[in-house]
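Just below is one structure, and these are the notes that go with it.
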Amino acid sequence: MLWSQTFIPTLKETPADAEIVSHQLLLRAGLIRKLTGGLYTFLPLGLKVLRKIEQIIREEMNRAGGIEVLMPALQPIDIWQQSGRYETASGVLFKVRDSARKEWVLGPTHEEVITSLAANELNSYRQLPKNFYQIQTKFRDEIRPRFGLMRAKEFLMKDAYSFDATDAGAMASYHKMYDAYNRIFARCGLQAFPVEADTGVIGGNYSHEFMVPAETGENDVVYCESGKYAANIEKAISRGPAEATPTESSGAAPDKFATPGVVTIEALAAAPYGVSARHQIKTLVFVADSKPILVLIRGDDSLNEAKLMAKTGAVQVRQATADEIVELLGARPGSLGAVSATLKTPTVPVYADEALRGARGMTTGANEDGFHLRHVEVDRDLKVTAWYDLRTVKVGESCVETQQPLKIRRAIEVGHVFKLGTKYSEKLNATFLAEDGSRHPAVMGCYGIGVTRTLQAVIEQCNDKDGIRWPVSVAPFTVCITPLTVAPESQPMTLARELAATLEAAGIEAILDDRDERPGVKFKDSELVGFPLRVNLGEKSLAKGEIELKPRGGTMRMVPIADAAAEVIAWVRAESARLQG
RNA sequence: CGGGACGUAGCUCAGCCCGGUAGAGCACUUGGUUUGGGACCAAGACGUCGCAGGUUCAAAUCCUGUCGUCCCGACCA
């Protein structure tokens, strides 16, 4: 491929609306251009990388027994109503109407479609297990598109769905995908690792996310350095708070005292009150599926809303408004409590974090503006509807596996595997006949990879001050051949054309920079775009009978003209071998 | 949807406070000189100052509204 014959609009300056380095480099290296927020055009080089990642995914999915299909992006709403997600996922659903005013959705994911297919086509245990996958554009009405391809309204996703006759079979399918994902990301040159994850709107009961460590990621991962424990912070557990919850009893009854103007944990912890956060009970009011609930957390902990949703089974949870709180409790935020005697509405459910079990000598709001209660004993003074682990794990807490201190780091989620169970197969009647003639819903799993996000994650992980450093497996071109003069019959250009032809014949993709530009421009561009190996053909070296090999980010090496092609091929083969998972 | 910032040439930005001729660098066109790390000289082309109202003799500049973009929070591959 000749550079002049394709389209690589590099930018010397950083576009103003790109915040993170991978987004900046996507634009500067001429891989993508924005149409509008959350929607991007892939330019030739970006598309080449995308196709390479797709191909790696396809190879590994096929190797793991996946069967490729292609489902409609435009979907009827009835299957979404049947699964119940027309409501629960309505926040991300793009809805469109046809000329007859009939409503459709643009698929954000395909459990409904594939399960409908399975309902019709998979009727016998003899047909199971099956794992269908596709690589397709997804549409999500993201509340806030962000960071270029990281969170877009439209993005390319590989999604796979497994159907098994038994739970054990479903676990086996799950682990096949888990292993395939590890290979896929390794082959893409990414350092990605699986962590335990919350299942969210998709539902199900077992799940891992594949995370790429990066400061710009949108997730916090809690992990133990032993490697024995890693989980998304939404799901993570520990052996509890570093400091124990107070349990010593003074025997005194709850005592109301005036705290004018005190509406925060910090204010109550400060003089003249001096009630440390650990001795306070934080009372939060939420509306869960339209019903108010009270949530109790130790004063120095923070609530994990994902856990709240998961544990209570609520589908939609939001914080109550100030007006709703006053109506429910008769006081404003800052003076709220759950002590039974102070509750205006005693029937309201009270969910308490495990860390508060047996707590005594606590202080909490009196449900009267400007007053708190002290000497509160949870078991004696409160009626707790249910105890759950609701707190967010903090750095340094003890690992449940090893008791070592836990760490937290930011990461980008590039893949997610779920064991779904029979949630969708039951709702959409995907049942099969077992050997004994009994009918059962298929046991399902679903498995996603954000292909476009993976592309950007590679850039986020592989770059330096000069630009991108593509792993050979996904580089748009493996070799950039750079003649320093481009007159058609010049020696550099003649040798460049020969080398390009030889590499092509060896199955190595090369781009020949035939632009009549000064060497500096060509060097800068090739480094910005990030081709793994550049071959310089300049009169200076050629006069000594040499050609220059410059690996991206490595040191230049001279090789005799006659050996150049063989040396390049050997280099590429060695690099490729390193990335074979 | 809440909070913040910003919309001026293809790109990066100045001008706005204090109203009065719309600017710079890069990119682009032409000619010349250069040619191993984003060249130089000269000439040129490129703008409804996001949009709509208002105030004013006069608005990029002041006021109101609106649209868009980016960042922080709730959502997710």
Side-chain angles (χ1 to χ4, degrees), chain A residues 9-20 23-24 27-28 33-39 57 88-93 108-110 135-160 181 192 197-202 209-212 216-219 232 234 286 305-306 309 316-319 321 412-418 446-457 466-467 482-487 492 515-528 534 536-543 548 550 556:
Chain A
T10 56
L11 301 174
K12 218 182 271 190
E13 285 174 294
T14 302
D17 58 5
E19 182 81 2
I20 67 174
H23 185 196
Q24 293 169 353
L27 293 164
R28 289 191 57 209
R33 283 294 182 266
K34 183 172 74 172
L35 174 61
T36 184
L39 298 174
I57 292 173
T88 58
S90 71
V92 295
L93 281 183
T109 174
H110 280 67
I135 297 174
Q136 191 217 31
T137 300
K138 297 287 187 273
F139 299 87
R140 291 190 189 173
D141 191 3
E142 289 290 345
I143 305 164
R144 178 149 92 89
R146 227 195 298 218
F147 300 149
L149 305 176
M150 281 296 182
R151 177 176 300 281
K153 290 181 193 289
E154 184 186 313
F155 62 96
L156 196 65
M157 176 169 164
K158 187 286 299 175
D159 46 326
Y181 275 32
D198 181 55
T199 52
V201 169
I202 300 253
E209 289 165 335
F210 286 76
M211 294 290 193
V212 174
T216 55
E218 298 187 75
N219 302 273
N232 190 308
E234 294 179 341
F286 281 84
E305 279 193 44
M309 292 177 77
Q316 278 174 327
V317 168
R318 64 171 173 85
Q319 293 201 19
T321 64
I412 300 163
E413 178 189 353
V414 288
H416 201 160
V417 294
F418 297 85
C446 73
Y447 317 96
I449 291 177
V451 183
T452 38
R453 183 183 285 178
T454 298
L455 187 161
Q456 187 166 348
D466 296 317
T482 309
L484 299 187
T485 53
V486 295
R515 295 175 301 166
D516 187 12
E517 291 285 354
R518 297 159 63 89
V521 172
K522 295 185 168 197
F523 294 158
K524 288 287 187 191
D525 268 350
S526 77
E527 281 154 19
L528 176 59
R534 188 176 67 224
N536 298 338
L537 299 122
E539 273 153 355
K540 229 191 260 178
S541 294
L542 292 177
E548 301 160 12
K550 173 72 172 67
M556 185 132 76

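Everything quoted here is computed from the prediction, not taken from an experiment. Protein chains get the first letters and strands the later ones, always in sequence-line order, with residue 1 at the start of each.
For B/rA39, one of the phosphate oxygens OP1 or OP2 lies less than 4.0 angstrom from a side-chain nitrogen or oxygen of A/Arg518.
Within 3.5 Å, a donor on the side chain of A/Glu527 pairs with an acceptor on the base of B/rG37, or the reverse. For A/Arg534 and B/rG37, a side-chain-to-base donor-acceptor distance below 3.5 Å is present, hydrogens and geometry of angles not being considered. The base of B/rC76 sits with one of its N or O atoms less than 3.5 Å from a complementary donor or acceptor on the side chain of A/Arg151. Interface remark: the A/Glu548 side chain does form a donor-acceptor pair with the B/rG36 base, using a distance-only criterion of under 3.5 Å. The base of B/rG38 is not paired with the side chain of A/Glu517 by any donor and acceptor separated by under 3.5 Å.
Residue A/Phe523 and nucleotide B/rG38 are not classified as a stacked aromatic pair, given the requirement of ring centres less than 5.5 Å apart at an interplanar angle below 30°.
Taking atom C1' in both B/rG47 and B/rC28, the straight-line distance is 15 Å, to the nearest Å. With both ends at atom C1', the span from B/rA45 to B/rA27 equals 13 Å, rounded to whole Å. The same atom, P, is picked in B/rC63 and in B/rC18; the two are 10 Å apart, to the nearest Å. Rounded to the nearest Å, the gap between the C1' atom of B/rC71 and that of B/rG25 is 27 Å. B/rG23 and B/rA9 have their P atoms separated by 14 Å, with the value rounded to a whole Å. Comparing the same atom, P, in B/rA42 and in B/rA52 gives a spacing of 39 Å after rounding to whole Å.
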